[in-house]
J.: 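The following block contains the structure, expressed as structure tokens.
Being a predicted model, the structure only gives us computed values, none of them experimental. Each chain gets a letter, A, B and so on, in the order the sequences are listed, and its residues count up from 1.
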Protein chains: 2
Amino acid sequence: MQLAVSTVIFALREPDRRAVRRASAEDSRPILSLPLVCRVRDPYDGYWALPGGPLRAYEGLTEAAARTLEETTGLRSAYLEQLYAFGDPDRSMLDTTDTTHTPGAADTRAAGTPERTASDRERVVSIVYWALVGQEEAARARVSQNVRWLAADTLPTLAFDHNLIVDYALWRLRTKVEYSRIAHAFLGETFTLKELREVHELVLDRTLDPANFRRQVEASDAVVPTDSFRTGGRHRPARLYRYNTAIAPVDLGPLATTTTAPTTPEPTTPAMRSSR
Amino acid sequence: MQLAVSTVIFALREPDRRAVRRASAEDSRPILSLPLVCRVRDPYDGYWALPGGPLRAYEGLTEAAARTLEETTGLRSAYLEQLYAFGDPDRSMLDTTDTTHTPGAADTRAAGTPERTASDRERVVSIVYWALVGQEEAARARVSQNVRWLAADTLPTLAFDHNLIVDYALWRLRTKVEYSRIAHAFLGETFTLKELREVHELVLDRTLDPANFRRQVEASDAVVPTDSFRTGGRHRPARLYRYNTAIAPVDLGPLATTTTAPTTPEPTTPAMRSSR
DNA sequence: CCAAAAGTGTTTGTCCTACACCCATGA
DNA sequence: TCATGGGTGTAGGACAAACACTTTTGG
């Protein structure tokens, strides 16, 4: 039995030069992408897989996720949260029959995938994290021959059950963007409300009303205005905002104190309240 | 390194005869309780702990949770979901200095706690599940000398980090009751809306408006009316309802297909929608 | 001046809350 | 018949969606 920690790393990246031809030329908005590692061992040899590796003796789970994130991309994430533990006995031997995986995978493989060192077919329980990386941070991601960033919604067949895992992480990201305040993790230190809205639009894949978005964000206290403005467009400059660190970013309940988040009680949604 | 699976099992149980004296006599509503196992080994010897045990070679994680649940209580749960994986390196050696744990614990211990068979102080990663058990099911729970049901909100100091785990499970239960439809799992096959409302009130610890609760539940399609009525009170009989199995009970996203839930797309919350 | 995006105001509809009110039953 | 809870109606408030409108810049 092996215990591994893997991470689904999301970032908004400029579209690849090769892939940009498909669209109508000037649609060059960032694309929700994630880095994958090409396997060089027998189970799923040549397939892409999530970055990860075995848990070391004296490190915590979150620590291990941050470490593998740094090892594969050279980056630190602005947001890191546990996703789910996958441990079905047969998840090492799923359908290899599907051959729709990227053909270029075979020639990019190299030595040193950190995942799985023991004998094959051994059972692996994976504790999976998901992470968000900022734009500037993602721009200077380490390039490597067997690490590649792929678009999240047009993935090939991945190794093991990693397609299911990415789908679940995507679902969690989209769900959480709607009710929590994590979209800023995709941006830099300061940002305009238009930029923040575009992150929401890219993640949720639909347009949002600028006026209503502005009001909703301002009412949530998620951001605080600065005195700076973003100029350069041929229009009125937009005010820059900064993420409000005084409020807990997410709802982890009692677990919020054990992570990096400051302790702040979550506002309860009023619903059918009465006396008592 | 050990990998264990533990489960936080919730049920609404009649208050204990001994504990009923504290209240003003006729407040005998059910109490949110969970079964705990008394440890008989050195780390936290005599303390109460969550039921669980090592993951077996050929069983899935959910399978292991259901098995330990059956082994400690003899029951099957109406709801079972993964909670979190706890794996900090130092969580086997937390504060033993606190001695506020129940004094009667020492004399109820017996041989055969299923948890942890290897040498002490070894690192343990626990994948924790949480479960809901129906009222009738909970009433015929197996009694044992080193298994006892304790009230969820007045727990003593538990072994390891199990207090934190129970707090988190409680928070998840309360959060999920508000937006999902899991409260029926505490009840039997059929139930009145008053009974379902009382479950919500007990879990959330506040009263709810009966009229609004009725409308909200009926609008959510969570239950379907039957032709039977609950008679006996000196008032108009109440219609019995049944849980609507045609709709997925919770939001597990892509993971819903891997569990027992039928495949039904989750209705998205409309918010700031526009064209595209 | 004009185009374009920043930012504000306003209407409309929907949902929740509180609470008044009728209905049906057992004693 | 009356007390009790089952079940319905409805006015008021909060909030989101849609969209008209004003403001401020670059060309």
J.: Before accepting this row, confirm whether a basic side-chain N of the pair A/Arg29/A/Glu201 lies closer than 4.0 Å to the acidic partner's carboxylate O.
T.: no
J.: Tell me if the side-chain of A/Asp209 makes a donor-acceptor pair with the base of D/dA16, cut-off 3.5 Å, by modelled atom types.
T.: no
J.: Closest heavy-atom contact between B/Thr190 and B/Arg230?
T.: O-NH2, 4.1 Å
J.: Can you tell me which nucleotide in D/dG26, D/dT4, C/dG7 comes closest to the side chain of A/Arg234?
T.: D/dG26
J.: Select one nucleotide: of C/dC23, C/dA5, D/dT4, the one nearest the side-chain heavy atoms of B/Arg236.
T.: C/dC23
J.: Please state whether the phosphate of D/dG7, meaning OP1 or OP2, lies under 4.0 angstrom from any side-chain nitrogen or oxygen of B/Arg214.
T.: yes
J.: Which whole-number value in Å describes the distance from B/Leu208 CG to D/dG6 P?
T.: 14 Å
J.: Measure from the side-chain heavy atoms of A/His235 and tell me the nearest of C/dG7, D/dG7, C/dA6.
T.: C/dA6
J.: How close or far is atom C1' of D/dT8 from atom CG of B/Asn212, stated in whole angstroms?
T.: 12 Å
J.: Atom CD of A/Glu218 to atom C1' of C/dG9: distance rounded to whole Å?
T.: 14 Å
J.: When you measure only distances, ignoring hydrogens and angles, does the side chain of B/Arg215 come within 3.5 Å of the base of D/dG9 through a donor and an acceptor?
T.: yes
J.: Measure CZ/B/Arg197 against P/D/dG5 and give the value in whole Å, please.
T.: 10 Å
J.: Less than 4.5 Å apart, any side-chain heavy atom of A/Ile165 and any of A/Leu158?
T.: no
J.: Rounded to whole angstrom units, what separation is found between the CZ atom of B/Arg239 and the P atom of C/dT25?
T.: 12 Å
J.: To the nearest Å, give me how far apart CG (B/Leu196) and P (D/dG6) are.
T.: 13 Å
J.: What is the distance, rounded to the nearest whole Å, between atom CD of B/Glu195 and atom C1' of D/dG6?
T.: 13 Å
J.: Within a reach of under 6.0 Å around CZ of B/Arg142, are more than 12 heavy atoms found that belong to other residues, nucleotides or ligands?
T.: yes
J.: Nearest whole angstrom, please: distance from the P of D/dG26 to the CZ of A/Phe229.
T.: 13 Å
J.: Between A/Glu198 and A/Lys194, does any side-chain N to carboxylate O distance fall below 4.0 Å?
T.: yes
J.: Closest approach to the side chain of A/Ala211, judged atom by atom: which nucleotide of C/dT8, C/dA4, D/dG6 is it?
T.: C/dT8
J.: Identify which nucleotide among C/dT25, D/dG7, D/dG5 has an atom closest to any side-chain atom of B/Lys194, counting heavy atoms from C-beta outward.
T.: D/dG5
